[in-house]
2 protein chains.
Amino acid sequence: MEWRHLPPLSGLRAFAAFAETGNVVAAGDALGVSHAAISQQLRSLETHLDVALLDRSGRSLALTDAGVVLSRALRSGFGGMIEAVEEITGLRDARPLHISTTPMFAVSWLMPRLPAFRAKYPDADLMLDPTPEVIALSADGIDVAIRYGNGNWPGMEAHMLLRSPMVVVAAPALVGADEMPSVDDLADLPWLEELGVSEGNNWLRRHGVSRGMTRGQTKVPGNLLLDGARDGQGVVVTVRAFVERDIAAGRLRALFTEDEDDSFGYHLVTRPGVMRPALKAFVTWIKREASEAG
Amino acid sequence: MEWRHLPPLSGLRAFAAFAETGNVVAAGDALGVSHAAISQQLRSLETHLDVALLDRSGRSLALTDAGVVLSRALRSGFGGMIEAVEEITGLRDARPLHISTTPMFAVSWLMPRLPAFRAKYPDADLMLDPTPEVIALSADGIDVAIRYGNGNWPGMEAHMLLRSPMVVVAAPALVGADEMPSVDDLADLPWLEELGVSEGNNWLRRHGVSRGMTRGQTKVPGNLLLDGARDGQGVVVTVRAFVERDIAAGRLRALFTEDEDDSFGYHLVTRPGVMRPALKAFVTWIKREASEAG
DNA sequence: TCCATATCTAACTCCAGCTTACATAAATTG
DNA sequence: CAATTTATGTAAGCTGGAGTTAGATATGGA
């Protein structure tokens with residue numbers, strides 16, 4: 001280990017806290033010190049490394065490219081350390097299982113099944129983080145994440161829970177029951193989008209759709225998205241499995257189904273390594289639950 | 001990030017250095033401080049966490065289970081930080097590519113091919129670490145490892161270079177040219193083993209052989225192993241691909257070939273993420289080299 | 001232009017973390 | 001079994017890193 005290359009650790013800690021919070025005051029709060037302390041540490045770290053980590057134009061600080069690289073390493077580095085400390089001091093056992101998922105999956109799949117888990121493992125405490133952003137598992141104390149994708153998360157282990165393509169749907173009230181609207185028609189219709197990052201928005205971005213159609217978009221909270229679609233308030237991009245029954249019942253029409261390889265779907269994403277008992281129980285349970293549902 | 005759970009960083013650093021070196025004096029040298037400083041840091045870390053990290057019975061310190069857990073997290077945590085710092089300060093580009101491999105593979109496969117790489121990329125500096133122990137790539141600044149296994153390294157990306165089972169071989173001079181020796185006969189023959197951890201020793205351990213046959217073992221440096229086998233000095237466990245020609249020419253006889261699934265072989269093991277240019281060149285080159293050889 | 005909201009700087013304080021020197025304890029050896 | 005070697009532990013004092021407070025400075029928006 002090349003310890004000589006390791007800068008003063010307090011500077012790294014301050015920088016990591018700043019990168020996490022985005023401003024020096026909040027970083028100071030996070031570490032329990034004053035904002036001036038953070039400011040000094042940031043400056044001394046930059047002079048020590050002789051690398052610009054922060055872009056000081058403007059009244060707030062932004063990370064440079066080098067700063068982003070460093071902050072990522074620090075986030076996972078300190079995160080792993082904190083995790084290990086929690087592990088050996090027993091803080092981790094006492095803490096509830098943190099499950100990160102998207103609002104869409106939480107509402108449509110996970111929450112209806114949770115009572116069964118609670119019944120089977122009454123001792124396990126769960127904590128759902130329905131945060132749509134992709135996060136580094138170890139840094140935030142997340143035990144397991146459930147994400148839509150093709151199973152390729154570098155450094156992570158993924159297990160398919162629900163195989164399903166993306167689909168564009170709308171209520172017959174909006175697009176009519178018979179004729180298939182053309183692409184141009186779709187662009188003229190109102191669209192409902194989920195707030196923030198979500199499966200649907202990722203799909204739109206991947207297909208470069210969002211740029212072309214700035215008009216007629218309505219941002220709604222994820223849990224209201226499907227209700228809005230059924231209600232004819234707009235066109236929605238979502239995961240097919242969640243609207244299968246609506247389509248069958250005629251409440252929604254599938255306007256376009258993504259014909260990707262069938263590796264896309266919701267995956268259980270965990271870190272390699274040993275799992276604590278509560279996590280193991282949850283993972284085993286959800287895998288069985290998924291295989292029975294599929 | 002739960003910064004409250006992070007102990008004083010100097011204590012963690014001292015502990016990591018101690019875990020790496022195994023004694024307080026060497027740890028002090030590594031960090032450029034006195035042994036007393038390490039000793040104090042270790043003690044204060046233990047009292048801070050209220051967890052026994054060190055077993056103080058005997059005159060030297062040993063890690064407890066909790067200590068091992070923590071040290072692993074620290075090793076990879078600090079390692080990643082150092083790596084990121086080297087990255088953004090440009091120290092990394094200047095440094096030669098570090099390739100960790102086993103002596104067996106280095107001698108039998110890699111080194112004969114290296115001149116071709118040098119000819120193609122004269123600017124790239126290489127550094128072979130023929131260390132048999134499995135190491136954490138990021139902590140020691142290793143860019144890529146080449147290891148025998150089934151491709152399952154959690155958190156790593158593995159690419160098959162040379163598919164081959166293990167085989168037990170000996171010279172006809174030792175076991176005769178015709179009759180196949182029985183298992184009991186084998187136990188009576190002298191065995192050559194590589195020093196330290198190696199593919200062959202791992203195989204022996206996996207099969208529980210080493211315990212039963214303490215007599216007649218000779219430990220030799222890896223590069224002399226095959227010469228000794230051809231010379232009739234003992235029975236050797238090795239990777240079949242390296243003795244294929246010796247077997248065909250009658251210099252060695254295959255006494256037993258492992259009939260495992262064909263996922264076993266030498267793999268190129270890298271960390272997920274972006275590679276620096278020199279590494280990318282090497283990886284591309286060695287993959288092509290391997291596919292042409294196979 | 002003024003105000004709110006940021007970050008930066010200066011001066012001062014203090015204790016974490018270091019060094020040196022000595023103590024202690026366990027293996028090793030004659 | 002005492003002497004020696006080789007570890008780690010402890011004490012005491014020094015010093016600079018890391019923090020605080022208070023005030024300066026810069027930017028963006030009303």
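Lettering follows sequence order; numbering is per chain, from 1.
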Roughly how many Å is it from [atom1] in [X] to [atom2] in [N], rounded to a whole number?
| X | N | atom1 | atom2 | value |
| --- | --- | --- | --- | --- |
| A:F18 | C:dA6 | CZ | C1' | 11 Å |
| B:L61 | C:dA27 | CG | P | 12 Å |
| B:L54 | C:dA25 | CG | P | 18 Å |
| A:L12 | D:dG17 | CG | P | 16 Å |
| A:F15 | C:dT7 | CZ | P | 14 Å |
| A:D55 | C:dT7 | CG | C1' | 13 Å |

If the cut-off is 4.0 Å, is A:R56 near the phosphate of C:dT7, judged by side-chain N/O to OP1 or OP2? no
Indicate yes or no: does [X] engage [Y] in a salt bridge with an N to O separation below 4.0 Å.
| X | Y | result |
| --- | --- | --- |
| A:E87 | B:R72 | no |
| A:R276 | A:E86 | no |
| B:R56 | B:E46 | yes |

Could you check whether A:E20 and B:W3, counting side-chain N and O atoms only, form a donor-acceptor pair closer than 3.5 Å? yes
Using modelled atom types and a 3.5 Å cut-off, is there a donor and acceptor pairing between side-chain atoms of B:S39 and backbone atoms of B:A36? no
Side-chain donor/acceptor of B:D143 to backbone N/O of B:H98, under 3.5 Å: yes
With a 4.0 Å heavy-atom cut-off, tell me which residues in residues 19-48 of chain A come close to DNA chain C, sorted by residue number. A:N23, A:V24, A:V25, A:H35, A:A36, A:S39, A:Q40, A:R43
Would you kindly check whether a donor in the side chain of B:R59 faces an acceptor in the base of D:dT8, or vice versa, at under 3.5 angstrom? no
